[in-house]
Amino acid sequence: MDILANIAERKIQEAMARGEFDNLPGRGKPLVQEDLSGVPEELRMAYKVLRNAGCVPPEVELVNEVQSLRRLLLNLDDGEERRNKLRELNFKLMKLEIALKRPVRLDLFPLYQEKLVERDK
């Protein structure tokens with residue numbers, strides 16, 4: 001064993017002797033195994049580090065923002081604030097479609113849908 005492994009092992013043994021591991025959450029329970037089969041092997045460590053740090057891919061962050069805006073719009077009455085939030089939602093939807101390299105579907109955009117409905121009246 002190298003010197004760092006020896007030091008680490010000694011520190012662990014000392015902590016165990018002091019009882020620092022006695023009341024850890026999950027003690028006596030099996031570890032939950034993560035299914036990382038969808039992540040390429042060479043990216044798994046980086047994926048875990050980023051996930052544990054609370055970092056998410058930009059696309060996932062955009063999806064979360066879109067869902068949040070949609071929930072917010074359900075509770076807003078017609079008015080300037082609703083129009084502004086609809087514009088923001090449309091912008092984020094467009095950004096998401098571009099990030100995912102998908103063809104833009106106009107039926108996803110509520111502001112566009114409202115204009116179509118108003119025009120058909």
| query | Is any NZ, NE, NH1 or NH2 atom of the basic residue among Glu88 and Lys85 found under 4.0 Å from an Asp or Glu carboxylate oxygen of the other? | reply | yes
| query | Is there any side-chain hydrogen bond (donor to acceptor under 3.5 Å, both in side chains) pair reaching into residues 16-28, and which pairs are they, with sequence neighbours excluded? | reply | Arg18-Glu20
| message | Do Asn84 and Arg87 pair up side chain to side chain, a donor and an acceptor below 3.5 Å, judged on atom types alone? | response | yes
| Heavy-atom distance under 4.5 Å between the side chains of Ile98 and Met94, does that happen here? | yes
| task | Pick out which of Glu65, Glu97, Glu59 makes a salt bridge (charged side-chain N to carboxylate O under 4.0 Å, His left out) with Lys92. | result | Glu65
| query | Between Leu24 and Met16, is there a shared hydrophobic cluster once you connect ILVMFWY residues whose side-chain heavy atoms come closer than 4.5 Å? | reply | yes
| task | Evaluate the criterion side chain to side chain contact (heavy atoms under 4.5 Å, CB included) for residue pair Arg82 and Asp77; output intermediate values, then yes/no. | result | CA-CA 7 Å; Arg82 180 177 175 77; Asp77 294 328; over 6 Å; no
| task | Could you tell me which residues satisfy side chain to side chain donor-acceptor pair (under 3.5 Å) with Glu42, sequence neighbours excluded, listed by chain and number? | result | none
| request: Report yes if the side chains of Leu93 and Arg70 come closer than 4.5 Å at any heavy-atom pair, otherwise no. | output: yes
| field | Spatial distance of atom CD (Glu81) from atom CG (Leu86) [nearest 0.5 Å] | value | 11.0 Å
Could you list the donor-acceptor pairs under 3.5 angstrom formed by side chains in residues 43-58, with sequence neighbours left out?
residue	atom	partner	partner atom	Å
Arg44	NE	Leu36	O	3.1
Arg44	NE	Val39	O	2.9
Arg44	NH2	Leu36	O	3.3
Arg44	NH2	Val39	O	3.3
Lys48	NZ	Glu34	OE2	3.4
Arg51	NH1	Glu34	OE1	2.5
Arg51	NH2	Glu34	OE1	2.6
Asn52	ND2	Lys48	O	3.3

| message | Looking at Glu14, I want to see if its CD is surrounded by more than 12 non-hydrogen atoms of other residues, nucleotides or ligands under 6.0 Å. | response | yes
| field | Leu62-Leu69 co-clustered via ILVMFWY side chain contacts under 4.5 Å | value | no
| Would you find more than 12 non-hydrogen atoms of other residues, nucleotides or ligands less than 6.0 Å from Leu31 atom CG? | no
